[in-house]
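To start, the structure under review is shown below, and the notes come after it.
Residue numbering restarts at 1 for every chain, and letters A, B, ... go by the order of the sequence lines. Note that this is a predicted model, so its numbers are computed, not measured.
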Amino acid sequence: MEFSGQQIAELLNGKIEGNSDIKVHTISKIEEGKAGSLSFLANPKYTGYIYTTEASIVLVSEDFTAEKPVKATLIRVKDAYKAFATLLEFYNQYKQNKVGISPAAVIEKTAETGDNVYIGAHAYIGHNSKIGDNTKIYPNVYIGDNVVIGDTTTIYSGVNVYADCRIGSECTLHSGVVIGSDGFGFAPSTNEAFQKVPQIGNVIVEDNVEIGANTTIDRATLGSTMIRKGVKLDNLIQVAHNVEIGENTVIAAQTGISGSTKIGKNCMIGGQVGFAGHLKIGDNVKIGAQTGLIKNVENDAIVQGSPAIPYRNFFKSSAVFNELPELMRKVYKIEKSLNIDTDTK
Amino acid sequence: MEFSGQQIAELLNGKIEGNSDIKVHTISKIEEGKAGSLSFLANPKYTGYIYTTEASIVLVSEDFTAEKPVKATLIRVKDAYKAFATLLEFYNQYKQNKVGISPAAVIEKTAETGDNVYIGAHAYIGHNSKIGDNTKIYPNVYIGDNVVIGDTTTIYSGVNVYADCRIGSECTLHSGVVIGSDGFGFAPSTNEAFQKVPQIGNVIVEDNVEIGANTTIDRATLGSTMIRKGVKLDNLIQVAHNVEIGENTVIAAQTGISGSTKIGKNCMIGGQVGFAGHLKIGDNVKIGAQTGLIKNVENDAIVQGSPAIPYRNFFKSSAVFNELPELMRKVYKIEKSLNIDTDTK
Amino acid sequence: MEFSGQQIAELLNGKIEGNSDIKVHTISKIEEGKAGSLSFLANPKYTGYIYTTEASIVLVSEDFTAEKPVKATLIRVKDAYKAFATLLEFYNQYKQNKVGISPAAVIEKTAETGDNVYIGAHAYIGHNSKIGDNTKIYPNVYIGDNVVIGDTTTIYSGVNVYADCRIGSECTLHSGVVIGSDGFGFAPSTNEAFQKVPQIGNVIVEDNVEIGANTTIDRATLGSTMIRKGVKLDNLIQVAHNVEIGENTVIAAQTGISGSTKIGKNCMIGGQVGFAGHLKIGDNVKIGAQTGLIKNVENDAIVQGSPAIPYRNFFKSSAVFNELPELMRKVYKIEKSLNIDTDTK
C-alpha cells in the first residue's frame, strides 16, 4: 500500500510544497524518518529535525516558515498533529479491515450477527447473543449466552465476556479483558469456611469505551456494574461488583476499585490507585498514582497518598518525611538542652 | 423461566401473604423492583421501599410488621437474606446448567472425563489428564498434560492450567486464571545475563477454592505451591512459587505474594498488598489494603502500612503525616526561641 | 521414564558412591525425599537431612564428608546446585518435548513455520507471520498478522501477540501475556470526551527474554516499545507504549511502567513498583518493592518509597513514621514548658 503526496494532501485538505508525486508506504517519527515514510512537525522542540529528516513527506502547520532548505515534500495543514492523527486513524482502519466469519468459529444457532462483522477462528458466540453491524470479534474470544454487543465495536483476541453482559457501540476491548466474572462476595459460614454469595447481576459497558489488556470487570451481585460512555480504562485494572464509573473518566493501569464504589464524571485517575468499597468520588476529581482512597472525595478535588490527602499536602509532607530522622534528633536535642523529660508513653 | 409465588414459598419453606399465583421471571433490588421481579428486605434501612417497590414478590423475615399497605406478595422466611441467597444459588445453577462435550473441543486420547461433564468449544485437555464428574470446562480453556481436576468444579473460559497441576472439587476458576506458570527464578550467569532455574514443581489447589479473573499462581521450583481448602482469591492476584496459603484465607484483588511465603489460616488480606519472599504470616491475621510486608507476622495481628506496622499506629501516624510541615515549623520556631543550633548533620 | 544412578553420574560427570544401579523417576527436596526420587544438598543448613532422607540418590559437592552413615546413593559433583539445575533443565526439556502442528490449529496461507515447530490445537497464526525453527506455540495462542517469532522460543497457551510485533529467539512467554495492545493515548476532544490517538508502532522483544503470566506490553504510538535481550519480567506487569527496558534488567510482579520511560541495563526492580511517564532510569539501579518513581534515577542508585528516596533514608524515616504521634506530643510538651505559641498557621 502506497500513497502519493497528492493523495494525502487531498485527504487532509492540505497544501503541498515540493514533489507531489513522491510515494510513502509507512509512517515515522521525524527524527527517525526514512525514505518512503511520512512524518509530522507539531512540537517546536523538534523543528531542527525538519532540515535533516530523511522522511519523504512531512506535515507542517500552515504558518511554518523554513529557515533553511527542506528536502522533504511538505504538506501544510491547519493543525499538523491532528492531521497526522487523522492519517493514523485512516491507516489503522485500512490495516484492520478484517471482515467475514471464520469457519473455525463456533456460533450457537440462536445467536445473531449483524452486517459486515468479522468473527475470527476459534471464537465462540453463545446462545441468544447479538453482535452488531461492523463489529470485529478476533480469534479465541469467548462471548457467553445472552450477551449484546453494539455496532462498530472491536473485541481483540482472548477476551472473555460472561453471560448476560452488554457492550455498547464503538467500544474497544483489548486482549485478555474479562467482563462479567463473579463479584468477590462470600458470607461467613460454619467452621470458619465461607459461603459464596451468588452473583447474578451483569456488567453494562456503554458506548465509546476503551478497556485495556487483561483488565477485569466483575458482574454485579444484583443489578449492573456500570461503565459509562466515553470511559477509558488502561491495562490490568480491577473493577469490582456494583461499581459505577462516570462518563469520560480516564483510569491508568493497575488501579483497583472495590465493590459498590461510584466514581463521577471526567475524573483522571493515576496508576496503581486503590479504592475501598462503597465510596462516592465526585466529578472532575484528579487522583495521583498509588493513592489509597478510604473516604469519599468531593467534586474537583486533587488528592494523593495512602490514605489520600490533598495533593499539595502530600508533596509537602513527603519532603519532610525524608527529613524525619533529623527532625527527631532536633527534638531530642531541645529536650536535652531544656533538661525536661517529655516522654509521654 | 417463570415461577409462581407458591412455588417459591414451597422451595424456601416460607409462608405466603397476598396473591400466591403471581409469577416472577427475574430478581431485583427492592429499590429497583419492577413487575415480574422478586426482591427481599433484610436491612432495616431499606424498609421504606417495601411500600413503594414495584417488585411482584418480596421475601421478608417472619417478624416483619407492615405499617402501611404493601402491594407486593410477601413470603415470610426465617432469614430473608439467606433465603434470597438460596434462591440466587438455585437460579444460578439453573442458568449454568451446561452439560456435554463440544465436538469443537480437543481431548487427547489418554485423558479421562467423568460423568456429566461440560467441555466447551475450543477447550483443550492434555495427555493423561483427568476431569471429575459434573465438572464444567468452558470454551477456550487449556488444560495441560497430567492435570487432575476434581468433581463439580467450574473452569470458566480462557483459563490456562499447566502440566502436572491439581485442582480440587467444588472449585471455581474465573476467566484468564493461570495455574502453574514457571516461578520467577533466575541465577546470575556470565556477562550479567541470568540463567533460568528450571521450575519443575506444580500447583495444588485444594477443594472449595475460588480464584478470581486473571489471577496467576506459579508452580513450585520443587514440590508444590499450595492453595489450601476454602481459600478465596479475588482478581489479578499474583502467587509466586512455593507459596502456601492456609485454609479459608481470603485475599482481595491485586495483592502479590513473593516466593516461599507461607500465609496462615483464616486470614483476611486487603487489596494491593505486597508480601516479600520467605515470610511466615500467622493465622487469623488481618492486613489492610496497600500494605507492604517485609517481616513475619504473628497470629491474630492487624497490620497496615508499607512497611507494615500495627493498624492503630498506622492511622495515628498517618494523621500526623498530614501535619508534618507544621510540625517542622514548630521545631524551627522552638530552636529559634531558644537560640540553639540543633543541626546534627 | 526412569534413570539409573550410573546414567545420571555420567550425564553430570560426577563420581558415584553406593548402589549405582538404583533407579529414580522423579525429583524432590532433600527434606521431602521419597524412594525413587533424586535430591541434592547444597545449603549447609540442610546437611542434617542427608542422614534421614528417603531419596534414592543425592547430589553432593566433591568435598562433602559424611559424619554418619548415609542410606542414599551419593553422586559427587563440583557444584551440587548447578548440577541439579542442569538435571532439571534436562528433565524439563524431556517433558516439554512437544512437536508437530495440530490439525485444529488455523495457520493463514501466507504464514511461514520453521522446522521442528509445535503448534497446538486452536492456535491461530495470522497472515505473513513467521515462526522460527524449534519454536513451540501452545494451544489457544493468537499470533496476529506480520508477526515474526525467532527460533527455540516457547509461547505458552493463551498468549496474544498483536499484528506487526517481533519476538526474538530463546524467549519464553507465559500464558495470558499480551504483546502489542494499544498504548493508552487519548487527546481531549469536544464535550469532555476523548479521542483515541491511533497507536501504529509495535513491540520488539529481543532474544533470551522471559515474560511472566498475564503481563501486558503495549505497542508504541510510533516506533517500538523495546524489551532488550536478557530481560526477565515476572507476572502481571504493565509496560506502556514507547517504554524501553535495558538488557538483563529483572522486574518483579505487578510493577507498572508508564509511557516513554526508559529503564537502563542490569537493574533489579521489586514488585508493585510504579514509574511515571517519560523518566530515565540509569543502569544497575535497584528499586525496592512498592516504590513510586516520579523523577529520573542515576546509575547505581538504590531507592525506595513513594515518592522514591534513597533506600537507607526510606527505612530510617519509616522507623520514625511509627513514632510520629509520640514525636508530636513531645513538641507540644516543649511548647507548653516554654510557654510559647509556635502555631504558624
Looking at every non-hydrogen atom in both residues, tell me the closest pair between Lys232(B) and Phe184(A) and how far apart they are. O-CZ, 3.4 Å
Of the backbone (N, CA, C, O) and the side chain (C-beta and beyond), which part of Leu222(A) lies under 4.5 Å from a heavy atom of chain B, both, or neither? both
Can you tell me how far the CG atom of Leu88(B) sits from the OG1 atom of Thr221(A), to the nearest 0.5 Å? 9.0 Å
For the interface with chain B, which of Gly274(A), Ala240(A), Ala163(A), Gly126(A) has the highest count of heavy-atom pairs at distances below 4.5 Å? Gly274(A)
What's the verdict on side chain to side chain contact (heavy atoms under 4.5 Å, CB included) for Tyr81(B) and Val197(A), showing C-alpha distance, side-chain angles and the deciding distance? CA-CA 10 Å; Tyr81(B) 183 75; Val197(A) 178; 3.7 Å; yes
Given heavy-atom pairs under 4.5 angstrom as the criterion, report whether the side chain, backbone, both or neither of Ser157(B) touches chain A. both
Is Glu247(B) close to chain A through its backbone or its side chain, or both, or neither, when contacts mean heavy atoms under 4.5 Å? neither
Residues His174(B) and Ser181(A): closest non-hydrogen pair is ND1-CB, 3.9 Å
Would you give the length of the straight line joining atom CD of Gln290(B) to atom CD of Gln290(A), rounded to the nearest 0.5 angstrom? 8.0 Å
Taking side chain as everything from C-beta outward and backbone as N, CA, C, O, which of these in Ser258(A) sits under 4.5 Å from a heavy atom of chain B? Side chain, backbone, both or neither. neither
What is the ring orientation for Phe321(A) with Phe321(B), classed by angle as parallel under 30°, tilted 30 to 60°, or perpendicular over 60°? perpendicular
Under 4.5 Å, counting heavy-atom pairs only, tell me which of Gly305(B), Gly158(B), Pro139(B), Gly230(B) racks up the most with chain A. Pro139(B)
Heavy atoms only, distances under 4.5 angstrom: which of Val320(A), Leu338(A), Asp145(A) has the most pairs with chain B? Name it, please. Val320(A)
Using non-hydrogen atoms and a 4.5 Å limit, figure out which bit of Asn322(B) sits close to chain A: side chain, backbone, both or neither. both
Among Val159(A), Asp164(A), Val177(A), Asn146(A), which has the most heavy-atom pairs under 4.5 Å with chain B? Asp164(A)
Checking Ser224(A) against chain B: side chain, backbone, both or neither under 4.5 Å from a heavy atom? neither
With chain B, which of Ala319(A), Gly180(A), Ala123(A) has the greatest number of heavy-atom pairs at distances under 4.5 Å? Ala123(A)
Would the number of heavy atoms belonging to other residues, nucleotides or ligands and lying under 6.0 Å from CD of Glu32(B) be above 12? yes
After noting the C-alpha distance and the side-chain angles of Asp234(B) and Gln238(A), does the key distance pass the side chain to side chain contact (heavy atoms under 4.5 Å, CB included) rule? CA-CA 10 Å; Asp234(B) 201 348; Gln238(A) 150 70 352; 3.7 Å; yes
Check each atom of Asp182(A) against the heavy atoms of chain B and say whether the ones under 4.5 Å are side chain, backbone, both or neither. both
Give, as side chain, backbone, both or neither, the part of Leu233(B) having an atom under 4.5 angstrom from any heavy atom of chain A. backbone
Chain B contact via Val106(A) - which portion, at a heavy-atom distance below 4.5 Å: both
Given a strict heavy-atom distance threshold of 4.5 Å, which part of Ser337(A) is in contact with chain B: side chain, backbone, both, or neither? side chain
Which heavy atom in Ala213(B) sits nearest to a heavy atom in Val178(A), and how many Å separate them? CB-CG1, 3.8 Å
Can you tell me how far apart CG (Asn313(A)) and CD (Glu326(B)) are? Round to the nearest 0.5 Å. 11.5 Å
Looking only at heavy atoms, which two atoms of Gly176(B) and Asn160(A) are closest? And how far apart? N-ND2, 4.4 Å
So how far is it from Asn208(B) CG to Lys196(A) NZ, rounded to the nearest 0.5 Å? 10.5 Å
Looking at Tyr332(A), I'd like to know if its OH atom is crowded, meaning that more than 12 non-hydrogen atoms belonging to other residues, nucleotides or ligands lie closer than 6.0 Å. no
Tell me, side chain or backbone of Ile237(B) under 4.5 Å from chain A's heavy atoms, or both, or neither? neither
With rounding to the nearest 0.5 Å, note down the distance linking CE in Met328(B) to CD in Glu323(A). 7.0 Å
Could you check whether the rings of Tyr162(A) and Tyr156(B) sit parallel, tilted or perpendicular, using 30° and 60° as the cut-offs? tilted
Checking Phe186(A) against chain B: side chain, backbone, both or neither under 4.5 Å from a heavy atom? side chain
Applying a strict 4.5 Å limit to non-hydrogen atoms, the region of Gln199(A) in contact with chain B is backbone
Closest non-hydrogen contact found for Asn140(B) with His122(A) is OD1-O, 3.5 Å
Residue pair Asn242(A), Lys29(B): steps toward the side chain to side chain contact (heavy atoms under 4.5 Å, CB included) verdict: CA-CA 12 Å; Asn242(A) 295 85; Lys29(B) 296 186 194 176; 3.7 Å; yes
Taking all non-hydrogen atoms of both residues, which atom of Leu236(B) and which atom of Asn214(A) are closest, and how far apart? CD2-O, 3.6 Å
Which of the residues Thr291(A), Leu324(A), Ile294(A) is involved in the greatest number of heavy-atom pairs with chain B at under 4.5 angstrom? Thr291(A)
Region of Ala104(A) in contact with chain B, defined by heavy-atom distances below 4.5 Å: backbone
Below 4.5 Å from any heavy atom of chain B, which atoms of Ser175(A) appear? Answer side chain, backbone, both or neither. neither
Checking heavy atoms, do the side chain of Val273(A), its backbone, both or neither come under 4.5 Å from chain B? backbone
